[in-house]
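Per chain, numbering begins at 1; letters A, B, ... match sequence-line order. Side chains included, hydrogens not; waters and symmetry mates left out as well; all remaining heavy atoms used.
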Amino acid sequence: MKYDYLSVEKKWQNRWEAEKAFRAADPGEKGSEKKKFYGLVEFPYPSGAGMHVGHIKAYSGLEVISRKRRMEGYNVMFPMGFDAFGLPTENYAIKTGIHPRQVTDNNIAKFTSQLKRVGFSFDWSRVIDTTDENYYKWSQWIFIQLFKKGLAFRDTALVNYCPSCKVVLSNEDSQGGKCDICHSDIIQKSKDVWYLRITEYADKLLQGLETVDYLPNVKQQQVNWIGKSTGAFVNFGLSGIDEKLKIYTTRPDTLYGVTFMVMAPEHPLIDANADKISNMEEIEAYRAECAKKTEFERTQLVKDKTGVRIDGITAINPITGKEIPIYIADYVMMGYGTGAIMAVPAHDQRDWEFAKKFGIDIIPVIKGGDVETEAYTGEGEMINSGFLNGMSGKKASIARMIEELEKIGAGEGGVQFKMKDWAFNRQRYWGEPIPIVHCPKCGMVTVPEEELPLKLPPMTEFAPGQGGESPLARIDSFVNCSCPQCGGPAKRETDTMPQWAGSSWYFLRYIDPNNDKCIADPEKLAYWAPVDWYNGGMEHVTRHMIYSRFWHKFLYDIGVVPCAEPYAKRTAQGLILGPDGEKMSKSKGNVVDPNDVIDEYGADVLRTYILFMGDYGAAAPWSENSVKGCQRFLQRVDDLFVLAKGHGVTPELETSFHKTVKKVSEDFEAMKFNTAIAAMMGLINEITALGHLTRDELYTFIRLLNPVAPHLCEEINERLGNTELLAFASWPTYDEAKTVDATVEVAVQFNGKLKGTIALPKDCPKDDAIAAVKADPAFASMFAGKTVVKEIAVPNRIVNFVVK
RNA sequence: GCCGGUGUGGCGGAACUGGCAGACGCGACGGACUCAAAAUCCGUUGAAUUAACACCUCGUGCGGGUUCGACCCCCGCCACCGGCACCA
């Protein structure tokens, strides 16, 4: 009988909705006495294009886990929401004149209906929308707390600016010198910008990684992003100037090999001492040349070293007392360390290249390598290094040098991070207004908390101003206000927050989405936090995750949340590629729409295929034919009902059932959905071949499959006469002892080569196994005329004879 | 350049972390049902060899090694993917 998925799926979706089946119980409510499980997936940006199958894959993993947890007796919260501020919506609004609010509402409605068609067990009573006033009220509240603690500040800086989007971008949003949104080349521009002092939390963010269960590569990427290095700060004296040149180095052990110094072109010491520099024109010319280059050209296109020697000032090595030249060069960045370095050409390749080009001495201080051909960066015995001579081992030499530097007051040990402060403003309409008032008397004043939310004013024209200022700057009624502190006339900040703001704390709001007194009720936070399992894309591992960990840690420090880390566990799904093996994109025309798949095959088939197509964490191409294979599988499950007679255990199937329950239980937890489904397919094949099973066994089977294909399983459950939802049936258990067959086929090898198999009782002792093979006439010829040198037996696996 | 990952049939992918390579699915081939097709069901399907699904041989990117035994461990390469990148 052909399974009518369309009406069956609708039927169960309606019932789940009517019964509010997946509503998580808050503390005090019935169900909250159970152990809690908080499963989180990355909420989508509701784009006009609707969802594609990649979204479905991203949510399916924890959908399975959440459904399994409910069956295991947990009180599960599996929420969904929308990260709806952002440029695509705003650009669409600029183009069409339709208000972003309306665009967003339409898109959310579209996404919601698509998600419901898939049958995800989200708690729809907790939906959040970051553009909702009652949500961004709290984004603004957090900003005010950051500001009060000095973690939000304003600074003039060279920023990455996208001339097309007319917006300032963070380093994270402008990787590769391209705008993350429109992919045009970004340029450098001097602007007054807001920063969040995330660097203050660099060490905490790094150390926190030791307490969480993230995929190793996720952790590694965060570690790299934070980029901690240890070394020393060293103060070099300057000739004729009563000032020191402070540098940062990871290799203080090579101090005796310093033959020149390099400062970033923008280094403030240059202007401060312009009167002592005899070649300022030359330096200015070089600076102008550098300023023309984008950061991309300067850092990405590694090419010839360029630079200019500063005439008139020299540096004094505090250890050797030697006088050495100072250069400016753009291979040294103002934004890292102190903006100046000591150059050791013998042991640093960049310094080596520079020295070769400018004819500077190269003094080796570590034995090994040939510093005439390239810098030697390996370890070795210290030479030409005064008190370090004869030492070997980088660590010891560094420690010894730092000790010396500290003794003579010329430096100290220190650490540096690659991570930079977070540029936190955008000159756009569709974002959270930054709740700050600029008062000519009081300076920057926060909007009083009782006045939050600071709402976006109504507008009809959303394009940014010509100078790249926020569209909000055009609205006088918004801009002009009175200072909350002194009551005098003042002006509002007109920039808005970046899209990352709303997603930096959304997992907390799910816990108490309608609270108008605080982010979330402390009792509820104590119950639900932290997120037990967070799944999402690898592309969000550095930016979104680090930002949100930062906010969470801040909220922890001010006593708002009860735990130091927001996510106890993090996994990631792989991409779904188009049928052509390419990344899905509109331009390639290889996007698969989940709606089309559901129309043709049903939601259960879609879900099953997405989980079956391969390793959940790896990218895999879409295959229409394989979808059909999953359809056949579910059809065969449906057909099982007519084969189900009586109760109890079918002896021929008993071991297989125990095996499958074990396999599926374990594989789901490891997100090995493909092999779990393969195991269920194998069991179906066995049952079909046998021709019968009991109704109890069918019940076990549908409970295993339920997290993957819940509509079909609920339907069969009902046919079995059960009135309760299968969603809350108990998860099947297995008996370890019954997962192995009574007789096991064991491989027989001679000299490691497979020569046959032998049936042996389960867990047959080694000696018995060896004896059994020797007694088996099938292997007699293998022993004939040979001497057995060694006998190896692995229970239930192999027996191997080494013969001569 | 650095860090991480991957490489297995015609295809997607399995393989207890050293123990029968290719589970499961797709595709293909053969058969059943059908007037026929679709759907469904049954069988075969790594390569080579063969009358043979008998034996032997080869086979997990390439070249070596360790081991009774290697997709798995070690050494040296190649290719592709992801992240970072003149970070001192």
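Checked against side-chain contact (heavy atoms from CB on, under 4.5 Å), A/Glu745 has the following partners two or more places apart in sequence or in another chain: A/Thr757. Considering only residues two or more places apart in sequence or on other chains, A/Gln416 meets the side chain to side chain donor-acceptor pair (under 3.5 Å) condition with none of them. For A/Asp776, the side-chain contact (heavy atoms from CB on, under 4.5 Å) partners are A/Ile758, A/Ala778, A/Phe779, not counting sequence neighbours.
We find that A/Glu42 and A/Arg570 are joined by a salt bridge, their nearest charged nitrogen and carboxylate oxygen being less than 4.0 Å apart. In this structure, A/Lys662 pairs ionically with A/Glu736, as a charged nitrogen and a carboxylate oxygen lie closer than 4.0 Å.
Between the P atoms of B/C77 and B/A88, the separation comes to 25 Å (whole Å). Taking the P atom of each, B/A15 and B/U6 are spaced 13 Å apart, rounded to whole Å. Annotation: B/G13 and B/G64 have their C1' atoms spaced 30 Å apart (nearest Å). Comparing B/U44 with B/C53, their C1' atoms sit 9 Å apart, to the nearest whole Å. Straight-line distance between the P atoms of B/C84 and B/G59: roughly 41 Å, to the nearest whole Å. Nucleotides B/A23 and B/G9 are separated by 13 Å at their P atoms, to the nearest Å. Distance check on atom C1': B/C74 versus B/C24 gives 33 Å, rounded to whole Å. Rounded to whole Å, the separation between the P atoms of B/C58 and B/C80 comes to 32 Å.
Residue A/Phe612 contributes atom CZ, which lies 5 Å from atom C1' of B/C24 at whole-angstrom precision. Remark: C1' of B/G25 and CZ of A/Arg607 are 20 Å apart, rounded to the nearest angstrom. As rounded to whole Å, 15 Å separates atom P of B/C24 from atom CG of A/Asp667. Whole-Å rounding puts the A/Gln220 CD to B/A85 P distance at 14 Å. Straight-line distance from the CD atom of A/Gln635 to the P atom of B/C41: 9 Å, rounded to whole Å. Atom pair A/Ile684:CD1 and B/C42:C1' shows a separation of 17 Å (rounding to whole Å applied). B/C41 atom C1' lies 17 Å from atom CG of A/Leu690, rounded to whole Å. Across the protein-nucleic acid pair, A/Gln221 atom CD and B/G4 atom C1' stand 8 Å apart, rounded to whole Å.
Between B/A88 and A/Tyr336, a contact under 4.0 Å exists linking OP1 or OP2 to a side-chain N or O. Within the structure, a side-chain polar atom (N or O) of A/Lys753 is placed less than 4.0 Å from OP1 or OP2 of B/C58. Side-chain nitrogen and oxygen atoms of A/Asn625 include none within less than 4.0 Å of the OP1 or OP2 phosphate oxygen of B/G12. Under 4.0 angstrom from either OP1 or OP2 of B/G83 there lies no side-chain N or O belonging to A/Lys219. Side-chain nitrogen and oxygen atoms of A/Arg632 include at least one within less than 4.0 Å of the OP1 or OP2 phosphate oxygen of B/C26.
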Q: Go through the steps for A/Tyr601 and A/Tyr609 under the test ring pair (Phe, Tyr, Trp, His ring centres under 6.0 Å), then give the verdict.
A: CA-CA 11 Å; A/Tyr601 302 97; A/Tyr609 171 64; 9.4 Å; no

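More than 12 heavy atoms of other shown residues, nucleotides or ligands fall within 6.0 angstrom of atom NZ in A/Lys357.
Of the two residues near RNA chain B, A/Gly337 and A/Gly682, the one whose nearest nucleotide lies more 5' is A/Gly682. Annotation: of the two residues near RNA chain B, A/Ile792 and A/Ala689, the 5′-most nearest-nucleotide partner is A/Ala689.
There is no side-chain donor-acceptor pair under 3.5 Å between A/Asn590 and A/Glu582. Under 3.5 Å, the side chains of A/Gln221 and A/Thr542 contain no donor-acceptor pair of N or O atoms.
As judged by a 4.0 angstrom heavy-atom cut-off over every strand, A/Gln349 is placed among residues making no nucleic acid contact.
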Atom pairs under 3.5 Å, N or O on each side, protein against nucleotides 28-34 of chain B: can you list them with distances?
none

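Proximity of A/Tyr248 to A/Ser229: side-chain heavy atoms (C-beta onward) are separated by under 4.5 Å at one or more points.
Paired regions of RNA chain B, where each region holds three or more successive Watson-Crick or G-U pairs whose two hydrogen-bonding distances fall under 3.5 Å, are B:1-7 with B:78-84, B:10-12 with B:24-26, B:27-32 with B:40-45, B:61-65 with B:73-77.
Residue pairs that meet the side-chain hydrogen bond (donor to acceptor under 3.5 Å, both in side chains) test with at least one member in residues 760-772 of chain A, sequence neighbours left out, are A/Asp763-A/Asn796.
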